[in-house]
Peer 1: 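Below are the structure tokens for one structure; questions will follow.
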Amino acid sequence: MNALAREISSGIADCELTHLDRAPIDLDRARRQHAVYIECLERLGCGVRLLPADSTLPDCVFIEDTAVVVPELAVLSRPGAESRRGELPVVEAALQAVRPVQRIEAPGTLDGGDVLRIDRLIWVGCGNRTNAEGGRQLADHLTPMGYEVRLVSQHGCLHFKSGCSQAGAEQVLLNPEWIDPGLFPGLEVIEVDPTEPFAGNVLKVGDTLVVDGRFERTVERLDTLGLPLEVLDNAELARAEGGLTCGSILLD
Ligand code: GLY
């Protein structure tokens, strides 16, 4: 498996924030934690292409939001936050080397963080950064390729995947305060510990789950279920409202 990632902008202090108050971000510490994240992806077998940061694009490290990539195609997103639209050209150039590229057009908006794919099923959380038109355009691109795209309403957290993510082949980890477990019939739902609302964002690489060790109780729950784990610390980028899936686009 390959992955795209992007360095952290020196301007990250000016990142978009929706549900969090602004708190100082220690750029050196963020970069050290990010380097560990990249090393972890490599250890799990990903060939990582690390794209350069741009000091004028505070959120550019959160590359997940810029595209939805399936084996057959890449769909360049149109981020809901205008400040993030300049992130696309560098990502587009990288994707053109590996996939045919389509795009979400105005008035559609779509952030990759609102898109959860489990095999051929795709959920799109609409209501915050992603609008219904963006979701419909994504469905228009992916349905002909055999994907079923389900548009769902999402409001409790920044991105759909701030509150849920794939934990196993047929398992979803979620925070039921933000994400309705009824969205996932046929899948086993694992709930985060109620004291750890942000623990629902984990990154599945192959069979391994990359998890944030700050969420000890949820990590223990996943460990008890026998899921193979890689435990990292995402504390600094979490202050910029970024989770573990936000830092990469996996190309499977
Ligand atoms: N800071 C991440 C975002 O709001 O897009």
Side-chain angles (χ1 to χ4, degrees), residues 3-31 33-34 37-38 50-69 75-92 103-104 106 108-116 123-131 134-135 138 154-165 175 178-179 197-203 210 212 214-215 232-250:
L4 290 180
R6 195 160 182 184
E7 291 171 341
I8 300 174
S9 172
S10 56
I12 194 167
D14 296 320
C15 66
E16 292 284 338
L17 289 175
T18 304
H19 294 280
L20 295 184
D21 292 332
R22 200 164 293 281
I25 296 171
D26 180 334
L27 187 55
D28 288 339
R29 185 165 178 253
R31 286 184 168 146
Q33 290 177 349
H34 188 246
Y37 175 82
I38 300 296
L50 188 58
L51 303 176
D54 182 324
S55 61
T56 67
L57 298 171
D59 283 296
C60 69
V61 66
F62 303 127
I63 193 170
E64 169 182 57
D65 292 318
T66 61
V68 175
V69 182
V75 181
L76 211 61
S77 74
R78 185 167 180 272
E82 214 169 321
S83 70
R84 301 202 52 189
R85 295 193 186 145
E87 297 172 24
L88 269 58
V90 166
V91 179
E92 180 177 12
R103 57 187 67 241
I104 303 297
T109 63
L110 184 123
D111 279 18
D114 285 323
V115 180
L116 171 66
W123 290 259
V124 184
C126 301
N128 191 12
R129 295 280 176 83
T130 296
N131 63 20
L138 186 71
Q154 183 286 119
H155 298 280
C157 46
L158 171 58
H159 286 122
F160 188 59
K161 279 192 288 190
S162 309
C164 67
S165 46
N175 174 349
W178 292 342
I179 305 291
F198 291 94
N201 182 269
V202 296
L203 177 65
V210 183
D212 188 331
R214 293 175 305 140
F215 306 125
L232 304 184
D233 180 358
N234 188 49
E236 287 304 317
L237 288 180
R239 292 164 181 255
E241 229 168 338
L244 290 165
T245 62
C246 306
S248 53
I249 295 174
L250 300 181

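Remember, it's 1-based here, ligands and their atoms both numbered in the order they're listed.
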Peer 1: Can you find a pair of side-chain heavy atoms, one from Leu4 and one from Thr66, that are under 4.5 Å apart?
Peer 2: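 Heavy-atom side-chain distance check fails, nothing below 4.5 Å.
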Peer 1: So, are Asp233 and Arg29 salt-bridged, with charged N and O less than 4.0 Å apart?
Peer 2: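 Yes, Asp233 and Arg29 are salt-bridged.
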Peer 1: Which pairs with one or both residues in residues 5-14 pass salt bridge (charged side-chain N to carboxylate O under 4.0 Å, His left out), sequence neighbours excluded?
Peer 2: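 Matches after skipping sequence neighbours: none remain.
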Peer 1: Kindly confirm or rule out an N or O of Arg84 lying under 3.5 angstrom from an N or O of ligand 1.
Peer 2: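 N/O-N/O distance below 3.5 Å exists for this pair.
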Peer 1: Suppose we measure from atom 4 (O) of ligand 1 to each protein heavy atom; which comes out shortest, and what is that distance?
Peer 2: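 Of every protein heavy atom, Arg129 NH2, 2.7 Å lies nearest to atom 4 (O) of ligand 1.
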Peer 1: Side-chain donor-acceptor pair under 3.5 Å between Asn201 and Thr245, yes or no?
Peer 2: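 Yes, side-chain donor-acceptor contact under 3.5 Å.
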Peer 1: Considering distance alone, does some N or O of Glu16 sit under 3.5 Å from an N or O of ligand 1?
Peer 2: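 Between Glu16 and ligand 1, an N or O pair is found under 3.5 Å apart.
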Peer 1: For Leu158, take its heavy atoms, then give the atoms of ligand 1 lying under 4.0 Å from any of them.
Peer 2: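 Once the distances to Leu158 are compared, the set is 3 (C), 4 (O).
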Peer 1: So, does Asp59 sit close enough to ligand 1 that a heavy atom of it is under 4.0 Å from the ligand?
Peer 2: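 So Asp59 counts as touching ligand 1.
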Peer 1: Which residues pass the side chain to side chain contact (heavy atoms under 4.5 Å, CB included) test with Ala81, not counting sequence neighbours?
Peer 2: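 Glu16, Ser83, Arg84, Arg129.
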Peer 1: Would Ala240 count as a contact residue for ligand 1, given that I'm defining contact as a non-hydrogen atom of the residue lying under 4.0 Å from a ligand atom?
Peer 2: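 Flag set, Ala240 near ligand 1.
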